[in-house]
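Remember, it's 1-based here, ligands and their atoms both numbered in the order they're listed. We count residues from 1, following the sequence as given.
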Amino acid sequence: MNKIEHIGIAVKSIDNSNDLFKKLFGEPNYKTESVESEGVKTSFFKVGNNKIELLEATNEESPIAKFIAKKGEGIHHIAFDVDDIEAEVKRLKAEGFVILNETPKKGADNKLVVFLHPKATNGVLIELCQEIVLNE
Ligand code: ZN
């Protein structure tokens, strides 16, 4: 794994939280993006070399809606950048981690993503992400 790619924060309202985090960081978000398959709307902020992803549920079945209902707003996941997501899935599976989606799926911000079940990672939802390289 290369580095923390971003930290995901579950929020009830992206609009309200965009204002809040803009005040906190002194800079507005640089993009918003919906991932319909996941039922989420996302907003990204840059803080130096780091990124913060805000996530709002777009429907009641969304994992974010369920997370907020259970735990309230707050840190939802930590995402790590990897070079070869399939190799990492294989390696982590062999180490006994529980992979939520073994086939990487398209996430926000032009990434292939895989999530590890928090029950095998001390309660922390871990996201692996690999940048999708577009060959034109
Ligand atoms: Zn994320």
Side-chain angles (χ1 to χ4, degrees):
M1 289 189 203
N2 299 322
K3 59 169 187 175
I4 293 179
E5 215 288 326
H6 61 269
I7 294 174
I9 300 176
V11 303
K12 288 181 183 163
S13 160
I14 285 262
D15 288 341
N16 293 344
S17 298
N18 274 343
D19 288 343
L20 177 72
F21 283 86
K22 180 181 169 188
K23 279 184 212 156
L24 180 68
F25 300 140
E27 299 255 5
N29 69 334
Y30 66 93
K31 80 161 150 186
T32 55
E33 187 180 341
S34 289
V35 184
E36 275 318 313
S37 56
E38 293 294 299
V40 295
K41 195 157 98 181
T42 65
S43 170
F44 285 89
F45 288 81
K46 273 203 180 91
V47 190
N49 290 327
N50 300 303
K51 286 194 235 166
I52 300 292
E53 173 187 35
L54 305 182
L55 303 120
E56 178 195 284
T58 56
N59 64 62
E60 284 176 14
E61 291 309 303
S62 163
I64 297 302
K66 290 176 184 162
F67 178 89
I68 289 177
K70 214 166 141 187
K71 299 188 171 175
E73 293 177 297
I75 293 182
H76 176 258
H77 64 270
I78 301 178
F80 293 90
D81 179 62
V82 300
D83 292 326
D84 183 343
I85 199 163
E86 283 170 12
E88 282 295 311
V89 165
K90 233 172 133 182
R91 182 179 75 80
L92 294 170
K93 222 181 131 183
E95 294 283 5
F97 292 96
V98 181
I99 316 292
L100 287 173
N101 59 299
E102 287 190 28
T103 306
K105 55 190 176 184
K106 176 109 174 45
D109 205 26
N110 195 41
K111 306 271 196 264
L112 283 174
V113 302
V114 163
F115 288 92
L116 306 190
H117 198 292
K119 78 180 178 194
T121 50
N122 285 171
V124 180
L125 179 62
I126 304 286
E127 175 184 349
L128 305 179
C129 50
Q130 179 186 342
E131 184 100 36
I132 298 170
V133 180
L134 299 169
N135 302 308
E136 298 271 326

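- Around the Zn ion (ligand 1), protein N, O or S atoms at less than 2.8 Å number 4.
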(message) E131 vs K111, test: salt bridge (Lys or Arg N to Asp or Glu O under 4.0 Å). Steps then yes/no.
(response) CA-CA 5 Å; E131 184 100 36; K111 306 271 196 264; 3.1 Å; yes
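- Paired with F115 under the rule side-chain contact (heavy atoms from CB on, under 4.5 Å), one option of L128, N101, I126 passes, and it is N101.
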(message) I'd like to know whether H77 forms a side chain to side chain donor-acceptor pair (under 3.5 Å) with E53, so could you lay out the CA-CA distance, the side-chain angles of the two residues, the decisive distance to 0.1 Å, and finally the verdict.
(response) CA-CA 10 Å; H77 64 270; E53 173 187 35; 3.0 Å; yes
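- In this model, a donor atom of one side chain and an acceptor atom of the other lie less than 3.5 Å apart for E127 and H6.
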(request) Output, in order, the C-alpha distance, side-chain angles, deciding distance and verdict of side-chain contact (heavy atoms from CB on, under 4.5 Å) for L112 and E86. (result) CA-CA 10 Å; L112 283 174; E86 283 170 12; over 6 Å; no
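- For the pair K41 and I64, the minimum side-chain heavy-atom distance is 4.5 Å or more.
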